[in-house]
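Below is one structure, written out as structure tokens; the observations come after it.
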There are 2 protein chains.
Amino acid sequence: MTAAVSARRSQTRQRLLDAAMEAFAEEGFGRTTVERLCERAGFTRGAFYSNFTSLDEVFLAMWEDRSTRMLADVRAALAEVSAEDPGQALRAALAAIPVDDAWYRVTAEFTAHALRNPALRRVMAAREQAIQDTVLPVLVAALARTGRQVRDEAALGRALVAVHDGTAVQVLLEPDDPGAWARREELFMSVLAAYSTPGGDTRDLDAAPGPDAATDLLEEPR
Amino acid sequence: MTAAVSARRSQTRQRLLDAAMEAFAEEGFGRTTVERLCERAGFTRGAFYSNFTSLDEVFLAMWEDRSTRMLADVRAALAEVSAEDPGQALRAALAAIPVDDAWYRVTAEFTAHALRNPALRRVMAAREQAIQDTVLPVLVAALARTGRQVRDEAALGRALVAVHDGTAVQVLLEPDDPGAWARREELFMSVLAAYSTPGGDTRDLDAAPGPDAATDLLEEPR
DNA sequence: TGCATCGGATACGTTTTTGTATCCGACGGG
DNA sequence: CCCGTCGGATACAAAAACGTATCCGATGCA
């Protein structure tokens with residue numbers, strides 16, 4: 001009964017979600033119409049309204065679907081290389097979080113959308129937290145293996161996400177610039193270095209080098 | 001003749017552009033209709049089609065208008081504090097480039113749009129370059145005054161822009177988190193420190209500390 | 001084999017949005 | 001003071017998008 005029939009249902013639902021991803025990426029969320037979305041999926045509007053109630057709903061469902069899948073990929077990729085050095089661990093994480101044209105377009109619009117909707121804001125914040133929770137432990141462990149200690153994991157996590165987002169646009173906006181990728185990695189490494197200290201042991205925190213030290217240095221020219 | 005009459009014209013044009021900014025920010029570019037845009041501006045569609053040919057055109061014109069204005073603000077703000085230390089110079093620049101909710105929404109969508117349109121991509125790239133050209137000299141000078149030298153200005157410029165973009169979202173997405181702003185500044189300072197070396201003189205570049213050093217350090221655990 | 005259910009298609013009327021073609025009033029020149 | 005031009009409003013027709021109400025076929029169960 002519900003076994004095969006519901007399988008069919010979730011199949012069409014998925015096809016609709018996939019079509020949504022395509023459509024939103026190519027035409028933009030706002031300019032996408034229910035009709036054209038259904039054309040892509042090979043269904044009629046009837047199917048759509050049977051599975052969803054609005055484009056907004058699909059947007060959210062699709063974004064969650066995709067980013068959940070992506071997070072799983074990252075987890076899987078990191079599980080394998082977790083025993084290497086920080087540079088390699090970071091590169092593995094970067095490789096697993098693809099800098100994808102289409103996905104970036106969609107996420108950019110979703111972000112804009114989320115900035116207008118508190119509920120969506122929370123969804124995005126939670127997702128970012130999940131990404132940090134996945135990536136940080138591996139990175140911290142790899143750093144520790146080289147005798148480096150992270151002082152403020154939360155700050156490092158946020159910094160890495162910010163750098164990822166910021167550099168991803170640059171890379172995508174200038175696909176011809178070959179140096180873009182190198183600069184991106186360079187920045188990542190710098191941040192990793194700046195937010196960790198060489199000491200395996202916890203020395204006096206206030207005196208330790210790191211971001212705070214940099215701030216102090218720059219604040220008071222001497 | 002054309003003096004007062006064209007003044008009137010450019011006035012309404014500007015009011016339309018301002019209304020576009022509002023509308024795109026609140027409703028999103030895609031969901032904005034010519035009609036509603038005109039309502040905000042207090043005109044009819046007639047006025048719109050007399051000044052523009054499509055929403056896309058307005059989008060571009062409006063974005064260029066706003067970002068040009070913003071760049072002028074930055075220039076003005078930096079002209080005043082250029083004699084201070086790097087920290088203050090950076091903060092001045094950050095203050096002049098406002099992290100504005102509405103503007104961010106619009107820019108996010110514009111970016112997504114630009115990723116689909118080569119011409120717009122070039123517009124955005126040029127704008128980023130202009131921002132870097134405005135901010136970097138001041139920053140480099142301020143750093144030099146404290147005896148610090150920037151090794152790769154282009155790389156630093158890109159890094160700063162990336163960090164700005166990346167942290168701006170975070171700050172906006174979590175307006176309640178008081179630590180967000182502090183973390184943002186911390187990251188900026190770290191980058192500034194990582195991309196400059198303490199030597200006022202140019203030593204052997206390959207041996208100097210900095211991003212490359214960090215990369216090397218992390219790549220080969222020892 | 002017949003029946004009930006469920007997923008999706010079809011068909012329909014309605015509302016929005018669009019773009020243009022035409023009109024009106026104001027302002028500048030003679 | 002009258003005329004021409006220009007900016008914007010009005011009016012109109014066409015098209016697009018919507019959401020629902022209804023129908024049809026397939027699948028699962030008795």
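Protein chains get the first letters and strands the later ones, always in sequence-line order, with residue 1 at the start of each. Keep in mind that what you see is a predicted model, and the values were worked out from it rather than measured.
Regarding B:Arg9, its CZ atom lies at a distance of 9 Å from the C1' atom of D:dG8, rounded to whole Å. One can place CZ of B:Phe52 at 11 Å from P of D:dG8, the figure rounded to the nearest angstrom. Spacing between atom CZ of A:Phe48 and atom P of D:dC18 amounts to 8 Å, rounded to whole angstrom units. Taking atom OH of residue A:Tyr49 and atom C1' of nucleotide C:dT10, one finds them 15 Å apart after rounding to whole Å.
The ring of B:Phe110 has its center closer than 6.0 angstrom to the ring center of B:Phe59.
For DNA chain D, the neighbouring residues in residues 16-40 of chain A, judged by any heavy atom under 4.0 Å, are A:Thr33, A:Val34, A:Glu35, A:Arg36. Near DNA chain C, meaning a heavy atom under 4.0 Å away, there are no residues from residues 55-62 of chain B.
Checked for salt-bridge contact, A:Arg66 and A:Asp18 meet the test: a charged N lies under 4.0 Å from a carboxylate O.
Within the structure, every side-chain polar atom (N or O) of A:Asn51 is placed at least 4.0 Å from both OP1 and OP2 of C:dG7. Put simply, B:Arg45 has no side-chain N or O that comes within less than 4.0 Å of OP1 or OP2 on C:dT17. In this structure, B:Ser50 does not reach the D:dC6 phosphate: none of its side-chain N or O atoms is under 4.0 Å from OP1 or OP2.
Relative ring orientation between B:Phe188 and B:His164 is described as tilted, the plane-to-plane angle lying within the 30° to 60° band.
Every residue meeting the side-chain contact (heavy atoms from CB on, under 4.5 Å) condition with A:Ala162, not counting sequence neighbours, appears here in chain and number order: B:Thr167, B:Gln170, B:Leu187. Shown here are the salt bridge (charged side-chain N to carboxylate O under 4.0 Å, His left out) partners of B:Arg40, two or more places apart in sequence or in another chain: B:Glu22, B:Glu26, B:Glu27. Judged as a salt bridge (charged side-chain N to carboxylate O under 4.0 Å, His left out), and not counting sequence neighbours, A:Glu128 has no contacts. Remark: B:Glu57 pairs with no residue by the salt bridge (charged side-chain N to carboxylate O under 4.0 Å, His left out) rule, at least two apart or across chains.
No donor-acceptor pair closer than 3.5 Å links the side chain of B:Asn117 to the backbone N or O of B:His113.
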